[in-house]
Amino acid sequence: MEQPAGFISAIDAVHRHVNSARPNAPIQPERPRPARLAPTRLAAAGALRRLADRIQPRPAPSMTQCS
């Protein structure tokens, strides 16, 4: 064994991985993340929508035929 610290950390990692699959393993509930960028995202979406409406090609005017 040339690197005993690496061997020990590998064994610890394997034990953590194997023990995490047990039904009674400790869990950490997932916390909802705060929506910090929600106003910025809404403003960007509105600006992009207005830009898309402005640069969207308009239909060609209909040709009226005189008879």
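Since the structure is predicted, the reported quantities are computational estimates derived from the model, not experimental observations. Numbers here are sequence positions counted from 1.
Applying the salt bridge (charged side-chain N to carboxylate O under 4.0 Å, His left out) test to pairs two or more places apart or on separate chains, none has a residue in residues 29-39.
Here D12 pairs with nothing under the salt bridge (charged side-chain N to carboxylate O under 4.0 Å, His left out) rule; sequence neighbours left out. Here R49 pairs with D53 under the side-chain hydrogen bond (donor to acceptor under 3.5 Å, both in side chains) rule; sequence neighbours left out. Residues passing the side-chain contact (heavy atoms from CB on, under 4.5 Å) test with I11 are F7, H15, sequence neighbours excluded.
Under a 4.5 Å side-chain heavy-atom cut-off, the cluster of Ile, Leu, Val, Met, Phe, Trp and Tyr residues that includes I55 is completed by L51.
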